[in-house]
Structure formats: structure tokens, C-alpha cells
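Have a look at the structure below before the remarks.
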Amino acid sequence: MIHKQAPMSPSDHALCAFLQSELLVIANEARRRQPELKEAMDGWLADLRAVQSKTAHELSTLLATRKPGLIGLVTEAAIGPGQARCLPCSVNIAMRLVTLIPTVLGDARDILVILSRACTASEKEGGGEDVQLKCLQTVIPLWQNYLDTLVRDDLVYKLFAICFRLCSPGANNDGLHSNKQLESTRRKQSSVSNAAMAITRQLMIYLFEWSTTRGDSTMMVNILEDVCGWMTMANGSSNYEIKYLLLDSGGSEGGDQYMQEQAFCIEIFESLLAIDPKQLEKINDLLSMIKEQVCPFVIRRLDAASDSLPVKVRLWRLVIVVLTEYGSLLPLECEIFLSFMMTRILEEPDDDGRSGLVMVLESTEEVTRTGNLDHLIHLSGAVKDTPSPAFSDLVKTLSKFLLNEATNMGLDSVQVGPYDQSSPKIALLSSFERTGRVAIPVGYPMLLGVKIMQNLIDRASRNDPAVRNILTSLVVNQTKQVAETVDRFCGLT
């Protein structure tokens, strides 16, 4: 019995028309400089016109079996003479084929050549943001459909390198004279950068999942070593050599671009740490990297007054992940972070309108609201019913802070005023790209301090004698004002 094959769908007809349109541009460009490529393109155009009136199966067969292969030809066009006009067409074709017809590509290497050439051309010549976005749209389907090829041919590093290059596009803007043109170009570059960061984070999560499933974390650790080295480069102070991703030194030029790259590297580690602590525990090399390189870097950068707000926000978000999820795996680092928080809480208001203080308080509030308090309370093997010194000192610091705030505001006792009912939505820890001075409402720091004390009571003190003991000690031993603070907002007496 002969089965009638399905005719082409509207999407198949659209694909045929799209390929003909793009190939025609390449064929016209290759007419003088690459006659052999022109002849091959004419052959493909003739076959596509012929198959357009046939079945979907015949179209798939043509794309998958015809020699020379279409991807190989458009790669040749992307690297040959006249590539300025051919390269966008090559990217368009690669994006469509890798997304719609995974069986067409015999080797993912050609796709990576096209994407890499597109990145290089846009960096040298300026513009090309639309092409860069199409390159990024190709990355995830390439990983999903050709993972075995990428791993077998050691191409994963090249895929990540392309994404990292687009995270901070270095386009040449010298030809733009008007402020309007320059602003428009910068907006487009920012869109490319944000998209590249999101896709790279997703790709890193895919790599983490693949590594834990296969039980082989070598590739992921190698990439993260380069990310960590790139992150720690500050105006040439680091001598780390990028080994796997083939990236330029992110900190060689300093300025806003370095800050953006550094912020992105911090985001990558935050994303990884937030996936699954139990899985990360199995990867000793990665855990050692977090202990020996990432956490010390975070402490150093938190002490740097020159960091921009976006960098500080990401640093504190990384601290939150460590404190909420890794109290048992990284107890020493957690103690250091808690001690650092205490220092910051009692410092004088900073020069940026107390935004630094607010970030510390927001971080502490989130940790006490969502974290595993049992791990934090009993850091470093504290004896039963006795909290660790770092945790005890943190609670005492909060009480002292609340008293100081009340005194500075001319209040007899701690009051949260109208903010108790209508909390101002400052949320600095969600302000990834906010720049400039941030206006902090009077009373907002006090509100955060009260919320932290409430979190401790609501989540831990009723069931954990260690927390109850320390808070009760404050009521009994501290000054009357602090006792009123704890009594009023924690309800212990």
C-alpha cells in the first residue's frame, strides 16, 4: 500500500522562500569574487524552486542530503571575500536551520565559525546589533540539538566564548556624531549585552546539569576557572591567563565596561550556587573554588568604596545565597559574612545616602526570612542550646542599631511609624541597573531592623532554645530602651 506524503505546510513554503531570498543575496555577492560559490548557490536555488511544489518530506531530504551542504556553503560565504554583505545572510540561515531542522547540520563547527565571525565583524566595524541578537538566538538550540557533537569535538568552550564576547559588546562607535545616534546605539548594545548575559546563565545551568548527570565536571570547572580569573582582574592587577574561553582581559581598560563584566561574572556564580547545594557538594573542585577564590573576592569587593551600585547589589545577592543555602558546607565563610554584616550595620552613614547600609539590612532581612537559620545559629559546631558567637553578636548588633536609630531620630523608643503599614518599595537588591544616588526614606533602615528581629522570632525562637536564650538575655541584661525594643517587636516578655 502506497502512503501519500503530506504536502508542504505554510511554514515549509515560508522556509523555502526565506532560503531563496538569502541565498540570492549571497549568490549575487559571490558573482565576481567567488565564481565557484556562485555556481553552487545557483544549484541550490534551482533545487529549492523545484521542491517548493512538492512535499515536506522532499524538502527535508533535500536539506539533509544534498551535497555540497547548505551550511558549509554559507560558512564559506561568511569567511570569504565580500563577507560584509554575506555574513548577515549566513547568520539568518544558520539560525533558521538549527532551530527548525536539527538533522540538517552534520557538524556544529560551521555554525560556531559563522557566529564567531559575526561577533568579530560587529566589534571591528560597529553596529550589527540585530545580527548579534540572531547569533544569541542560535545558541540554545545549538546546545539542545547538537550537545553530543559539541562535547565530542571540544566545542563547548567556543560556544561559551561567543556568549561572553557578546556580554559586553565592544562595538566601534567612532562614526556616530550625533548624541541621538550614539544613545540609540548604546541602547541596542545594552539589549545585546543583557540578552547575552541571560543566555549565558542559562547555558551555564545546562552545563551544570549535564556535568552532574554524567559525573564529569572537568569542562564546567575549566570554564568557571576562566570566569573567576576574568572576574578578579582589576585594571591589570591580576596575572591570570584566560586558558579556555579565549577572552581578552576584562579589566585591562577599567571603567564601566569592566564593572559590567565583573557584575556579570558574579551573577554566574550566584546562579550556580542557587541551583542545588546537594549537587554542588559532590563537585569538590567547584566547592574549593568557591571557598578559596569567590568568597575572598566578595569580601574584598564589598570593602571597595569605588564599586558601582549594580556591582554591590550582585555581591550582596551572592552573600545571601551563601548564607541561606550553604551554612553547613561553608561555615567559616558564613561566619565571615555575618561578621562583615555586623561591621557594616554599625558604621556611620555612607556617602551614597545610606544605600550601603540599606543593602546590608535588606540582605540580612532576606537571610533571616528565607534561610536555614539552624545552620547559621549553630555555625562552627556550637554546643546545643547555645548559638555561635557570630550569630549572637549579630542579634546584639541589631539591637544596638535599633537603639541608635531611635536616638538619632529623637525618639524615646524604637518606632516604625507609617512604614509599618506601607513599606516603601526601595528594594535595592532588585535594582540591578540602578545608577546615581538613591533617596532612602527616613525610618526605612529602622523598619528593616525591626523586620529582621521579627523574622528571628517568627521562624526560630519558639522552637530553638538557642535563639530564645540570646534574645531573652538582651531583655534581661541590656538597657531599658533595648529591652523595650525586643519586648515590643519580638513579644518575648
Side-chain angles (χ1 to χ4, degrees), residues 8 12-54 58-139 141-142 145-146 149-150 153 155 158-159 161-162 165-166:
M8 281 197 188
D12 293 328
H13 281 290
L15 177 60
C16 264
F18 164 79
L19 291 175
Q20 291 178 58
S21 174
E22 300 294 334
L23 293 178
L24 186 59
V25 174
I26 296 177
N28 290 335
E29 189 65 29
R31 179 180 293 123
R32 294 181 180 179
R33 299 180 178 182
Q34 296 174 281
E36 293 181 359
L37 178 62
K38 169 69 165 60
E39 184 179 350
M41 288 298 172
D42 287 341
W44 264 99
L45 285 167
D47 288 346
L48 286 170
R49 293 189 192 102
V51 83
Q52 196 164 5
S53 60
K54 298 181 180 180
E58 290 181 85
L59 173 61
S60 298
T61 301
L62 173 69
L63 293 172
T65 61
R66 191 188 189 284
K67 303 297 180 182
L70 186 55
I71 288 297
L73 289 176
V74 298
T75 303
E76 183 181 345
I79 63 178
Q83 61 175 269
R85 292 193 62 191
C86 295
L87 190 54
C89 298
S90 299
V91 173
N92 291 340
I93 292 172
M95 183 184 70
R96 288 293 293 272
L97 293 185
V98 77
T99 303
L100 298 177
I101 310 177
T103 58
V104 173
L105 303 181
D107 189 349
R109 192 180 301 273
D110 286 338
I111 294 290
L112 291 175
V113 169
I114 294 173
L115 301 184
S116 181
R117 284 299 179 116
C119 292
T120 302
S122 62
E123 290 169 357
K124 290 182 178 180
E125 301 169 11
E129 288 79 14
D130 292 338
V131 173
Q132 292 174 336
L133 288 172
K134 290 176 181 177
C135 289
L136 291 171
Q137 288 178 283
T138 309
V139 167
L142 188 61
N145 297 329
Y146 295 92
T149 302
L150 293 171
D153 296 341
L155 300 175
K158 292 185 177 181
L159 187 62
I162 289 170
R165 288 174 66 181
L166 293 177

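Judged as a side-chain hydrogen bond (donor to acceptor under 3.5 Å, both in side chains), and not counting sequence neighbours, the contacts of R31 are N28. Looking at residues two or more places apart in sequence or on another chain, you find a side chain to side chain contact (heavy atoms under 4.5 Å, CB included) between Q137 and M95, K134. Judged as a salt bridge (charged side-chain N to carboxylate O under 4.0 Å, His left out), and not counting sequence neighbours, the contacts of R66 are D47. Checked against side-chain hydrogen bond (donor to acceptor under 3.5 Å, both in side chains), E39 has no partners two or more places apart in sequence or in another chain. Applying the side chain to side chain contact (heavy atoms under 4.5 Å, CB included) rule to S53 yields no partners; only residues at least two apart in sequence or on another chain are considered.
The shortest distance between side-chain heavy atoms of L45 and D42 falls below 4.5 Å. In this structure, R165 and T120 have side chains that are in contact, with non-hydrogen atoms separated by less than 4.5 Å. Between I71 and T75, some side-chain heavy-atom pair lies under the 4.5 Å cut-off. Counting only heavy atoms from C-beta outward, the side chains of C135 and V91 approach each other to under 4.5 Å. Inter-residue side-chain proximity for L166 and E129 is flagged as unmet; no heavy-atom pair is nearer than 4.5 Å.
Nearest heavy atom pair, residue A108 against residue L155, reads C-CD1, 4.3 Å. The minimum heavy-atom distance between W44 and L62, with the atom names listed, is CH2-O, 3.6 Å. Nearest heavy-atom pair across A27 and M41 is CB-CB, 3.8 Å. The heavy-atom pair separating L112 from L150 by the smallest distance is CD1-CD2, 4.1 Å. Across I114 and A78, no two heavy atoms sit closer than the pair CG1-CB, 4.2 Å. In this structure, V74 and S90 approach most closely via the heavy-atom pair O-OG, 2.8 Å.
Atom CG of L142 sits about 6.5 Å away from atom CD1 of I111, to the nearest 0.5 Å. Expressed to the nearest 0.5 Å, how far OG of S60 lies from CG of L15 amounts to 9.0 Å. Distance check: K38 NZ to R32 CZ gives 12.5 Å after rounding to the nearest 0.5 Å. Separation of atoms OG1 (T138) and CG (N145) is listed at 11.5 Å; rounding is to 0.5 Å. Expressed to the nearest 0.5 Å, how far CD of Q34 lies from CD1 of I26 amounts to 10.0 Å.
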Worksheet item: What's the verdict on side-chain contact (heavy atoms from CB on, under 4.5 Å) for L97 and L70, showing C-alpha distance, side-chain angles and the deciding distance?
Response: CA-CA 10 Å; L97 293 185; L70 186 55; 3.9 Å; yes
Item to complete: Apply side-chain contact (heavy atoms from CB on, under 4.5 Å) to E76 and L73, showing your working.
Response: CA-CA 5 Å; E76 183 181 345; L73 289 176; 4.1 Å; yes
Item to complete: Determine, stepwise, if the pair R109 / T149 fulfils side-chain hydrogen bond (donor to acceptor under 3.5 Å, both in side chains).
Response: CA-CA 9 Å; R109 192 180 301 273; T149 302; over 6 Å; no
Donor-acceptor list for residues 16-25 side chains, cut-off 3.5 Å, not counting sequence neighbours:
{"unit_1": "Q20", "atom_1": "NE2", "unit_2": "C16", "atom_2": "O", "d": "3.4"}
{"unit_1": "Q20", "atom_1": "NE2", "unit_2": "Q52", "atom_2": "OE1", "d": "3.0"}

